[in-house]
Amino acid sequence: DKQEKDARMTTPDITRIWPSGVHINEHTGAWEDRGESFEQLATTYGTPLYVMDTTDVADRARYFVNTVREAFANTTSHVSFAGKAFLSKEIARIVTDEGMYVDTCTWGEMKIALAAGVPGRRLVLHGNNKSDDEIRLAIENDFDKIVIDEPHEAQRIARIAREVGKRARVMVRVTVGVHAGGHEYISTAHEDQKFGIALLPADHSDVSDEQSVEFFDQVAHGPAVAAMHDVLDMQDDLELVGIHSHIGSQIHDADAFIAAAERVMVLRRAFYATDGYVAPEIDLGGGYSVAYVDGDASMDVDVTMKRIAATLQDDSSRAGLPLPTVSFEPGRWIVAPAGYTIYRVGTVKTVQLEGGASRVYVSVDGGMSDNIRPALYGSQYTATITNRAPATTDTIQARIVGSHCESGDIVVHDVKLPADVQRGDLLAVPVTGAYGRTMASNYNQILRPAVVAVNEEGSHIMMRRETVDDLLSLDVSE
């Protein structure tokens, strides 16, 4: 087993949009994943259907962990899987088997990870509005870190730690002012949003040189240093592990991470100057992009980690401080390209547009309830017919839409499909392994699809399909 894993430790194709096990049968033209045809999966498990190639998940997790270890060979490193991307007991076990921790941010995510057998020392609790029960559960189970998101939260964590009789390990999340990410709602390090504690005072002046004495002084008098100082004042109940930063999602290159890392290291130096305490760890969060359609950019993890490592080494050497432990939190990068969604085609309708043009609307048996991202973020996907080879080389410009009573119920905005697409065809959309099932809803009382795992041993249900009985069981009024 170890030899098989080592053999798969090649650099993944970062622009690939289908799992590595997917190929087209040269005899039938049908699509297969590790020997299982998409049609077989659809017939066995029904549609719509989320499919997760768990071999691909394990390979990507292992690659990310090993790449970080190699880049930061001269210090300790940790990689946490961002459970918000997609979390099930099986996924939690897979990523931890490959050396990852698991980030959680809700009671449900915490309970799933614990039910999977993940030890508390490999769990992290995030969240801008943690409940007392969530904090208590984390402390009782010896979570590796609780990430403080606002200045008053430290007092609450300290009180609960005292009640539990344990010392809580905490980090302070900082908004470093670096704007990055593919959409305003997934850019999380600018000042006007709900996460973290500001690096700089509200009345700070603009400083072009972030290595200047003026910038350093502003950081030293900023809210983040004040919050870290407050944690030190509660050190009987709290252990200050370090500094956390997360700047956004779908970030394509290293420049934004370098800028964030430089600012976090200024904060680390400033806090040492004001309080004589060297923060042991910095966590630079996640946000590593993946390709969603052919030609998309995708984060080159190897290049990014080497550049970040060089930045941290240079800063630590100049400051005369030891290198910190370094942590990262990929989620999308691990699971998004490992997953896809299979639909059954229903209505195919041509709509005439102004100027004589037309568009073919291809309806499928799912929609925005199983993938809200196109409606929420305007996210772009592609799709293909997977049950057969097309009988014609002619194509049509199509829009893939769902079954919901909503004009914005769009799965794929624009895609070329074979001109002979018809009711009953199977249509698959790649790169839905992240933020598909985890953001799914019951809009129009549509049932959430099953998640099926595929690997070399075959396929099995990871998460069962919802039933009408599930819906009715929640409707308890007479």
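These numbers come from a predicted model, not from an experiment.
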At what distance, to the nearest 0.5 angstrom, does CG of D365 lie from CZ of R344?
8.0 Å
Starting at CZ of R307, measure out to CD1 of I258 and round the result to the nearest 0.5 Å.
5.0 Å
Assess whether side-chain contact (heavy atoms from CB on, under 4.5 Å) is satisfied between D414 and Q397, documenting all intermediate values.
CA-CA 7 Å; D414 288 291; Q397 198 67 29; 3.7 Å; yes
Answer with yes or no after comparing the ring centroid distance for H126 and H244 against a 6.0 Å cut-off, counting only values under it.
yes
Looking at every heavy atom in both M100 and A61, which two are closest together, and how far apart are they?
SD-CB, 4.0 Å
Residue pair P449 / R465: nearest heavy atoms and the distance that separates them
CA-NH1, 3.5 Å
Measure the spacing between CD of E134 and NZ of K111 and express it to the nearest 0.5 Å.
11.0 Å
Can you tell me how far apart CG (L125) and OG1 (T104) are? Round to the nearest 0.5 Å.
5.0 Å
Approximate separation, where rounding is to 0.5 Å, of I197 CD1 and E153 CD:
8.0 Å
Under the salt bridge (charged side-chain N to carboxylate O under 4.0 Å, His left out) test, residues paired with K306 that sit two or more places apart:
D302
Closest non-hydrogen atom pair, F86 against G433:
CB-O, 3.4 Å
Under the ring-ring contact (aromatic ring centres under 6.0 Å, His included) test, which residues partner Y340, sequence neighbours left out?
W18, F38
Apply side-chain contact (heavy atoms from CB on, under 4.5 Å) to the pair E406 and N444, showing each step before the final yes or no.
CA-CA 10 Å; E406 177 83 34; N444 288 151; 6.0 Å; no
May I ask you to decide if the ring planes of H404 and Y443 are parallel, tilted or perpendicular, using 30° and 60° as cut-offs?
parallel
Below 4.0 angstrom, N of the basic side chain to O of the carboxylate: do R156 and D132 qualify?
yes
Do side-chain atoms of K166 reach the backbone of N141 as a donor and acceptor pair under 3.5 angstrom?
no
Scan for salt bridge (charged side-chain N to carboxylate O under 4.0 Å, His left out) pairs involving residues 423-444, sequence neighbours excluded, and state none if there are none.
R388-D425
Answer yes or no: is there an ion pair linking K130 with D149, defined by an N-O contact shorter than 4.0 Å?
no
Matching residue for Y288 among H252, Q250, E329, M299 - test: side-chain contact (heavy atoms from CB on, under 4.5 Å)
M299
From the list T384, I400, V429, side-chain contact (heavy atoms from CB on, under 4.5 Å) partner of V415 resolves to I400
If you count the non-hydrogen atoms of other residues, nucleotides and ligands that lie under 6.0 Å from CD in Q40, is the total more than 12?
yes
Could you tell me how the ring of F72 sits relative to the ring of F328: parallel (under 30°), tilted (30 to 60°) or perpendicular (over 60°)?
tilted
For a quick check under 3.5 Å, do S379 and Y435 share a side-chain donor-acceptor pair by atom type?
no
K145 vs S327, test: side-chain contact (heavy atoms from CB on, under 4.5 Å). Steps then yes/no.
CA-CA 11 Å; K145 289 168 287 201; S327 300; 3.6 Å; yes
Hey, does the side chain of H246 reach the backbone of G248 with a donor-acceptor pair shorter than 3.5 angstrom?
yes
